[in-house]
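Since the structure comes first, as structure tokens, the remarks are kept for the end.
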Amino acid sequence: PAFLSNLGTYYGTRYDRLGEVSDLDMSIRYIQQALGIAADDQSKRAQILLNLSKELRKRAKLLDSPEDLETAKKHAEDALGSIAHDHPDRGSFCSNLGILYFSSYERSGRPLELDKAIEYYRAAVLNCPKDHPNRWKFYLVQLGLGLSARFGISLQMADLQEAIAF
């Protein structure tokens with residue numbers, strides 16, 4: 001399953017570079033095949049679900065497909081639910097869910113989607129060692145952007161204060 005998942009990820013990377021929709025389709029197809037093979041192997045399943053959710057998010061954006069976005073969120077939630085609370089990459093899994101919920105918020109305008117995004121962004125920060133480069137380059141930035149977006153809606157100073165604090 002790892003070979004198929006990696007192959008799918010490579011197709012996804014090629015899609016990112018060249019923009020060929022067929023590469024994105026191949027990416028999803030190979031990762032779905034890997035998921036079918038890894039049905040009983042929890043150690044591989046979480047990463048495959050994470051990879052699949054990322055590729056589905058790309059397609060959801062490309063095709064403006066709420067179905068792909070919802071499926072991506074489900075796979076990402078399943079992935080997070082299947083890893084240990086002390087998993088070294090837990091922050092990455094949480095960050096991915098935050099991105100998916102933020103994308104859903106941007107599409108729908110539903111504040112609850114934004115709240116979920118912020119919840120997962122916050123979890124990404126909390127589940128990442130303080131000296132890890134992703135904490136500063138991605139997770140804190142994502143949390144700040146989410147809080148800033150919510151402040152723009154609610155005008156709650158607590159959101160602005162938290163964004164500044166991090």
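Computed from a predicted model, the values in this text were never measured in an experiment.
A single hydrophobic cluster is seen to contain both Tyr15 and Ile48, as judged by linkage of ILVMFWY side chains at heavy-atom distances under 4.5 Å, directly or through other members. Grouping the Ile, Leu, Val, Met, Phe, Trp and Tyr side chains by contacts below 4.5 angstrom, directly or via other members, places Leu112 apart from Ile118. A continuous path of Ile, Leu, Val, Met, Phe, Trp and Tyr side chains, each step under 4.5 Å between heavy atoms, connects Leu143 with Ile153, placing both in one hydrophobic cluster. In this structure, Ile99 is a member of the same hydrophobic cluster as Tyr139, with clusters built from ILVMFWY side-chain heavy atoms closer than 4.5 Å. Hydrophobic clustering of Ile, Leu, Val, Met, Phe, Trp and Tyr side chains at less than 4.5 Å, counting indirect connections, unites Ile164 with Leu155.
A salt bridge is absent between Asp68 and Lys61; no separation between the charged side-chain nitrogens and carboxylate oxygens falls under 4.0 Å.
Using a 4.5 Å cut-off on side-chain heavy atoms (C-beta onward), Arg59 and Asp25 make contact. By the 4.5 Å heavy-atom criterion applied to side chains, Ser104 and Arg110 are counted as neighbours. At a threshold of 4.5 Å between non-hydrogen side-chain atoms, the residues Phe102 and Leu114 count as touching.
Between the OH atom of Tyr121 and the SG atom of Cys94 there is a distance of 12.0 Å, given to the nearest 0.5 Å. Distance check, rounded to the nearest 0.5 Å: CD of Gln47 to CD1 of Ile83 gives 9.5 Å. For the atom pair CD1 (Ile28) and CD (Gln33), the distance works out to 12.5 Å, reported to the nearest 0.5 Å. The structure places CG of Leu97 at 6.0 Å from CG of Leu80, a figure rounded to the nearest 0.5 Å. The distance from atom CD of Glu55 to atom CG of Leu24, rounded to the nearest 0.5 Å, is 6.0 Å. If you take CG on Leu52 and NZ on Lys54, they are separated by 11.5 Å, rounding to the nearest 0.5 Å.
For residues 91-101, no pair satisfies salt bridge (Lys or Arg N to Asp or Glu O under 4.0 Å), with sequence neighbours left out. Here ring pair (Phe, Tyr, Trp, His ring centres under 6.0 Å) pairs that include residues 23-80, with residues two or more places apart or in two chains, are Tyr11-Tyr30. The salt bridge (Lys or Arg N to Asp or Glu O under 4.0 Å) pairs that include a residue from residues 71-81 are Glu70-Lys73, Lys73-Glu113, Lys74-Asp78, where partners are two or more places apart or lie in different chains.
Residues satisfying the ring pair (Phe, Tyr, Trp, His ring centres under 6.0 Å) criterion with His132, sequence neighbours excluded, are absent altogether. Partners of Asp89 under the side chain to side chain donor-acceptor pair (under 3.5 Å) rule, at least two apart in sequence or in another chain, do not exist in this structure. When the salt bridge (Lys or Arg N to Asp or Glu O under 4.0 Å) test is applied to Arg150, the partners found at least two apart in sequence or on another chain are Asp115, Asp159.
Across all non-hydrogen atoms, the minimal contact from Ser5 to Asn51 is OG-ND2, 2.9 Å. In this structure, Arg135 and Val125 approach most closely via the heavy-atom pair NH1-O, 2.6 Å. Across all their heavy atoms, Ser82 and Ala46 have their closest contact at OG-CB, 3.4 Å. Ser103 and Leu69 make their closest contact through C-CD2, 4.0 Å (heavy atoms, listed as atom of the first residue, atom of the second, distance). Smallest separation of non-hydrogen atoms from Thr9 and Ile31: N-CD1, 4.0 Å. Here the closest heavy-atom approach between residue Ala34 and residue Pro1 is recorded as CB-O, 3.2 Å.
With Ser27 contributing its side chain and Asp23 its backbone, the two residues share no donor-acceptor pair below 3.5 Å. Remark: side-chain polar atoms of Ser148 are not paired, donor with acceptor, to backbone N or O of Gly144 under 3.5 angstrom.
Around the NZ atom of Lys58, the shell of radius 6.0 Å holds more than 12 heavy atoms that belong to other residues, nucleotides or ligands.
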### Task
Could you walk me through whether Leu147 and Arg122 pass the side chain to side chain contact (heavy atoms under 4.5 Å, CB included) test, one step at a time?
CA-CA 10 Å; Leu147 290 165; Arg122 194 176 283 126; 3.9 Å; yes
### Task
Show your reasoning for whether side chain to side chain contact (heavy atoms under 4.5 Å, CB included) applies to Met26 and Arg14.
CA-CA 10 Å; Met26 291 298 289; Arg14 190 163 79 177; over 6 Å; no
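By the 30° and 60° cut-offs, the orientation of the rings of His87 relative to Phe93 is perpendicular.
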